[in-house]
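Heads up: the structure comes next, in structure tokens.
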Amino acid sequence: MLVGVLTGYGFLCYHYPARDRKMVPKYNPQEIETKWQARWEADNLYRVHENSERTKWYALTMFPYTSGDLHIGHWYAMAPSDVHARFKRMQGYNVMHPMGFDAFGLPAENAAIREGIHPYTWTMQNVETMRRQLKTMGSMYDWSREVVTCLPDYYKWTQWFFLKLYHAGLAYRSKSPANWCPECQTVLANEQVVGDGLCERCGTPVIRRDLEQWFFRITRYADELLEHSGIEWPERVKLMQRNWIGKSYGVEISFGLDYEGVEEKEIRVFTTRPDTIFGVTFMVFAPEHPLVAKLTAPECKEEVQAYIERARSQTEVERLSTEKEKTGVFIGSYAVNKLNGEKVPLWIADYVLLSYGTGAVMAVPAHDQRDFEFAHDYGLPIRVVIAPDGWSGEEFTEAYVEAGTMVNSGQFDGMPSEQGKEAISDFMEANGYGRRTESYRLRDWLISRQRYWGAPIPIIYCSNCGTVPVPESDLPVLLPEDAEFKPTGESPLKYCESFVNTTCPQCRGPASRETDTMDTFICSNWYFLRYTSPDYDRGPFDPEKLAYWMPVDQYTGGAEHATMHLLYARFFNKAIRDLGLVSFDEPFTRLFNQGIIVMERQKMSKSRGNVVNPDEYVARLGADTVRGYLMFVGPWEQGGGWDDSGISGIWRWLNRVWNLILEEQRGTDLPRMDREAENELRHQTHKTIRRVTEDLEKFRFNTMLAGLMEFTNYLSKLKDERGVAGSAWQDAVDKLMLLLAPTAPHMAEELWERTGHAYSIHNQSFPSWDEKLVAEEEVTLVIQVNGKLRDRVSVPVSITESEARELALSRERVRAHIDGKQIKNVIYVPGRLVNVVVG
RNA sequence: GCCGAGGUGGCGGAACAGGCAGACGCGACGGACUUAAAAUCCGUUGGGCUUCGGUCCUUGCGGGUUCGAAUCCCGCCCUCGGCACCA
């Protein structure tokens, strides 16, 4: 698949320009990149410290998972963000641009099972490789701040945060049906179940299992998480988060119950359509609903039990399928609709979810498609209570879910249903039949994983004291080194006696440790806080340094994290804010989502086996070319299919820049640059500075490079025609190097040195432009006849409307189209065009 | 099904407060250099017709608004991403 440039054109061949050019040393990226990377590292050029004299800029790129090697997709995420960070640095900001590794996770453990290598060894070897690869990119990462989440120095504080949340009542343990991946042998959060109920990691259909699990109470922050004001995030991501949280407004309605031996005297249901209350003809419980057992009539027991069993054994794929026929059974009892005193039969059906609302619904088949299908299949009555416009009593063939006029609804008949919603809600609240409430799609975050390679949950179970948190002073709870990795995939911690057996911190009696570890998304909740003071040992971070750097000014990463990492991290930030640990409401002020580089229509990943390794490109063409190419292929937010056929374009361009700047002169006996040519050169230079600056601000790297290429082409032509003498030329070349510095940091540094400037170009200011020099003196006036282009003419910007009209009408090419016709109108757009309308 | 983004030359893509469609680059073709190839440099390159002056067509498809539409409106088709019994 690596076509073209990798298959043996001789890029390493010497080439000297044709004609009578002076020889210049060839551009040798391998040599200069190694040289400058070593120099920058030796000089700690990119090391940053808190500095009150400069405005801080925290440029963060999502850290990679330690899969083993970096692919083009990683570079696509990291190279452009580095360019942006470098640009900010040259603009005078005190830029922190750190890098680290998301190092806990299942693949390490799978490697342990498969290859007998310890997850720690596997992970740290990968960190080595990836760090080395990252360094070849020539990024301005401050490596002294590196964070690796699987090291005890780090996960100690992950555990510490867990305890903080636990004490604040934000971490709790509960038994509930969980998504279980039989392949990975662990539970998954809702966010990690993709498609039609498949495990995000391995694609295995997920099944449901009742397990004791640890949760973080993210739902407590649902409302605040819906609020994105004050952060500059892409609409797309904010929308995804809003949809994921899924807040809806409605009424919780009480239905009457009266059964001997049943304590509960009501069933509560949530509905967003109180206006349809008179259309309720039955009620449906989720099969797992705790009231079902109590309310099932003796004669229905067997059938109900069988149905529940069947529902439980289904995989999520089967259960979630919307094409599936709806099934359910009558449980033999009734509830009372308090508004009209009607008895409605109670059913169970697996289309009702236990985890949403109250786990039971009032069924209004006429006005809800699911209820309609169910009623249709089981012969239950369908009563119209919202009449569509022009309805004359005919039967529905599908549910009518829009607004309409209320009918069959007692005293509310004739009311528009939108108004009826409010009227019925008021009526129910006044009579104690219900109350207005909100419901959320968002569930609490399931954080326990039945795996070894994660931060152990710092909890001890004691037969006397119950659930006891590990005291802070005993942290970290270290992963045992002698755990056994069994091919069955069961958690090694469970069977590791040296780990499990412990003493209770309270009573000193024998006790056992929690063997679940934390979801790796907890590690990534706070890694960016750690970067501010990675060696701090009295807390997860040094509060003063944190106060200087946080929040993150610019975060970049993939949109696939919209409802996972990006939502979790916001929640976590708000939780620790309420604990007084941080003072800001949002961790990431600005977010930019780059697109994904796909290969054979799929995202690159080691597990899919479709990765493209950048190392070979770097070895042949240098990092600067690879960086440039990734930015040039299209808008960063768009991503796209990987195709290396255009990379030679960047290589050739960088070579042209190299030669342009280092060649003394081309040809002889050139006419010298005159005043006019110099003015034009300054004009072009400043126009380019503006364009490049504006594009960099907005992450429009592809057009920024196009602008630099155009400038290069212009300079090259000018050099051929007018020579290189004069201060305007020197200035243009200096500016070109500076503009190039973020994109091609090695080449720019080398050219900077070779042209006699002082080290380092990366400590220079980014050029600024002079509006006066950018202003055009002449513009091209477009002349149309009936909207069709007929002529264009260069005119001074100062041209008046009447001059422009007169000019347009006098042009030869225009006259050919208007002679003999009547001029009906002449449109003039200042400085742009004249459109002559003839009839 | 719902929500979001998008459809422009052979290819990646420029140009959207409505005003020169195709910047920049790749590829292709022709030329220079070379024993030759590669590399490099110079030119041409959306399509049709052309008396070589031009001229007509062209931004997924069909309508519309406008002096003027890739851009705005209406109706379709397709691609990608998210959600999908959330009551």
Side-chain angles (χ1 to χ4, degrees), chain A residues 4 8-19 21 26 194-196 234-237 239-240 242-244 246 248 250 269-273 276 284 319-324 326 349-353 355-364 368-371 373-374 439-443 559-560 562-563 595-596 598 601 629 632-635 637-641 643-650 652-653 655-656 659 700 702-710 712-713 720 780-789 791-792 813 816 824-827 829 832-838:
Chain A
Y9 304 143
F11 274 114
L12 303 181
C13 296
Y14 279 75
H15 65 264
Y16 291 104
R19 295 187 297 168
R21 291 180 177 190
K26 86 180 178 71
V194 297
D196 301 320
E235 274 314 312
R236 187 165 46 117
V237 175
L239 187 69
M240 270 197 254
R242 280 199 296 273
N243 291 341
W244 186 262
S248 43
V269 298
F270 175 78
T271 182
T272 54
R273 293 294 304 274
T276 64
V284 191
R319 176 156 176 172
L320 289 175
S321 169
T322 43
E323 271 101 82
K324 195 189 75 170
K326 298 203 175 354
D350 64 4
Y351 77 89
V352 174
L353 306 172
S355 50
Y356 185 77
T358 63
V361 301
M362 60 179 221
V364 186
D368 181 283
Q369 188 57 29
R370 298 154 300 186
D371 299 343
E373 287 167 24
F374 193 78
S439 200
Y440 300 86
R441 216 194 68 112
L442 183 72
R443 311 281 198 271
E560 68 273 21
T563 56
I596 305 169
V598 296
R601 299 165 72 87
Y629 181 59
F632 189 64
V633 289
E637 66 270 27
Q638 214 165 83
D643 169 16
D644 65 8
S645 63
I647 198 168
S648 54
I650 298 292
R652 293 203 277 248
W653 168 60
N655 274 280
R656 283 200 303 274
N659 293 328
R700 292 193 305 218
N702 57 330
T703 50
M704 172 206 60
L705 286 172
L708 281 178
M709 287 175 181
E710 280 181 65
T712 310
N713 292 345
D720 281 348
T780 302
L781 190 69
V782 169
I783 304 168
Q784 300 180 332
V785 177
N786 286 347
K788 286 197 163 131
L789 176 77
D791 200 5
R792 43 183 90 137
R813 295 173 179 198
K824 287 185 168 169
N825 196 4
V826 179
I827 313 279
V829 182
R832 304 201 81 141
L833 65 65
V834 177
N835 185 15
V836 183
V837 185
V838 296

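Letters A, B, ... are given to chains in the order of the sequence lines, protein chains preceding strands, and every chain is numbered from 1.
Of the C1' atoms belonging to G7(B) and G13(B), the separation is 13 Å, rounded to the nearest Å. G10(B) and G4(B) have their C1' atoms separated by 31 Å, given to the nearest Å. A gap of 46 Å separates the C1' atoms of G18(B) and A32(B), to the nearest Å. When the C1' atom is compared between C49(B) and A38(B), the two are found 41 Å apart, to the nearest whole Å. Taking the P atom of each, A70(B) and C76(B) are spaced 23 Å apart, rounded to whole Å. Here the separation of A5(B) from U55(B), taken at their P atoms, is 40 Å to the nearest Å. Atom name C1', nucleotides G82(B) and U71(B): the rounded distance is 27 Å, in whole Å. Here the separation of C16(B) from U35(B), taken at their P atoms, is 50 Å to the nearest Å.
With the nearest nucleotide of RNA chain B identified for both Met240(A) and Thr358(A), Met240(A) has the one nearer the 5' end. When each of Asn825(A) and Trp653(A) is assigned the nucleotide of RNA chain B with its nearest heavy atom, Trp653(A) is the one assigned upstream, toward the 5' end.
Atom P of nucleotide A69(B) and atom CD1 of Ile827(A) are separated by 12 Å, given to the nearest angstrom. Rounded to whole Å, atom C1' of G81(B) lies 8 Å from atom CD1 of Ile596(A). Going from atom CG of Asp791(A) over to atom C1' of G53(B) covers 13 Å, rounded to whole Å. Look at CZ on Arg242(A): it is 16 Å from P on C83(B), rounded to the nearest Å. In this structure, CG of Leu705(A) is placed 14 Å from P of C24(B), rounded to the nearest angstrom. Rounded to whole Å, atom C1' of G43(B) lies 14 Å from atom CG of Asn713(A). Taking atom CD of Glu235(A) as the reference point, atom P of G82(B) lies 19 Å away to the nearest angstrom. Taking atom CD on Gln784(A) and atom P on G18(B), their separation rounds to 16 Å, with Å as the unit.
With sequence neighbours left out, the side-chain contact (heavy atoms from CB on, under 4.5 Å) criterion links Arg832(A) to Val829(A). With sequence neighbours excluded, no residue satisfies ring pair (Phe, Tyr, Trp, His ring centres under 6.0 Å) with Phe632(A). For the side-chain contact (heavy atoms from CB on, under 4.5 Å) test, residues two or more places apart in sequence or in another chain that qualify with Thr703(A) are Asp695(A), Arg700(A).
The CG atom of Asn835(A) sits 10.5 Å away from the CG atom of Leu789(A) when rounded to the nearest 0.5 Å. A distance of 6.0 Å separates CD in Glu235(A) from CZ in Arg242(A), rounded to the nearest 0.5 Å. Here OG1 of Thr563(A) is found 10.0 Å from CG of Leu442(A). Values are rounded to the nearest 0.5 Å. The OH atom of Tyr629(A) sits 5.0 Å away from the OG atom of Ser645(A) when rounded to the nearest 0.5 Å. Expressed to the nearest 0.5 Å, how far CE of Met709(A) lies from CE of Met704(A) amounts to 9.0 Å.
Of the possible polar contacts, one joining the Asn786(A) side chain to the Val838(A) backbone as a donor-acceptor pair under 3.5 Å is found. The backbone N or O of Val782(A) lies less than 3.5 Å from no partner atom in the side chain of Arg792(A), so there is not a single donor-acceptor pair.
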Using a cut-off of under 3.5 Å, enumerate the N/O to N/O pairs linking the protein to nucleotides 54-57 of chain B.
| unit_1 | atom_1 | unit_2 | atom_2 | d |
| --- | --- | --- | --- | --- |
| G54(B) | OP1 | Arg813(A) | NH2 | 3.0 |
| U55(B) | OP1 | Arg790(A) | NH1 | 3.3 |
| U55(B) | OP1 | His817(A) | NE2 | 3.0 |
| C56(B) | OP1 | Arg790(A) | NH2 | 3.3 |
| C56(B) | OP2 | Arg790(A) | NH1 | 3.1 |

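In summary, of the residues considered (Thr271(A), Val269(A), Val352(A)), a side chain to side chain contact (heavy atoms under 4.5 Å, CB included) with Val361(A) occurs for Val352(A) alone.
Listed nucleotides C83(B), C20(B), C24(B) differ in distance to Trp244(A); the shortest reach to its side chain belongs to C83(B). Of the candidates C24(B), C67(B), A87(B), the closest approach to any side-chain atom of Glu710(A) belongs to C24(B). Residue Val782(A) places its side chain closer to C20(B) than to any other of C24(B), C20(B), G19(B). Checked against C24(B), G19(B), C83(B), the side chain of Met709(A) finds its nearest nucleotide in C24(B).
The closest side-chain heavy-atom distance from Met362(A) to Thr276(A) is below 4.5 Å. The closest side-chain heavy-atom distance from Asn713(A) to Arg656(A) is below 4.5 Å.
Glycosidic torsion of G9(B) falls within 90° of 0, placing the base in syn. Classified by its glycosidic torsion, G75(B) falls in the anti category, the angle being over 90° from 0.
Taking 4.0 angstrom as the limit, Arg652(A) places a side-chain polar atom (N or O) nearer than this to OP1 or OP2 of G27(B). Distances shorter than 4.0 Å separate some side-chain N or O of Arg656(A) from OP1 or OP2 on G25(B).
Taking only distance into account, the side chain of Lys824(A) never meets the base of C67(B) through a donor-acceptor pair shorter than 3.5 Å.
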Toss me the dot-bracket line for RNA chain B: Watson-Crick and G-U wobble, both under 3.5 Å, 5' to 3', using | for pairs to another strand and [ ] for crossers. (((((((..(((......[....)))((((((.......))))))((((....))))..(((((..]....))))))))))))....
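As judged by a 4.0 angstrom heavy-atom cut-off over every strand, Val361(A) is placed among the base-contacting residues. Residue Ser355(A) is classed as having no contact, given no heavy-atom separation below 4.0 Å to the nucleic acid.
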Please encode protein proximity along nucleotides 2-15 of chain B as a string of B, S and -, counting only heavy-atom distances under 4.0 Å. -SS-------BSS-
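Relative ring orientation between Tyr356(A) and Phe270(A) is described as perpendicular, the plane-to-plane angle rising above 60° on a 0-90° scale split at 30° and 60°.
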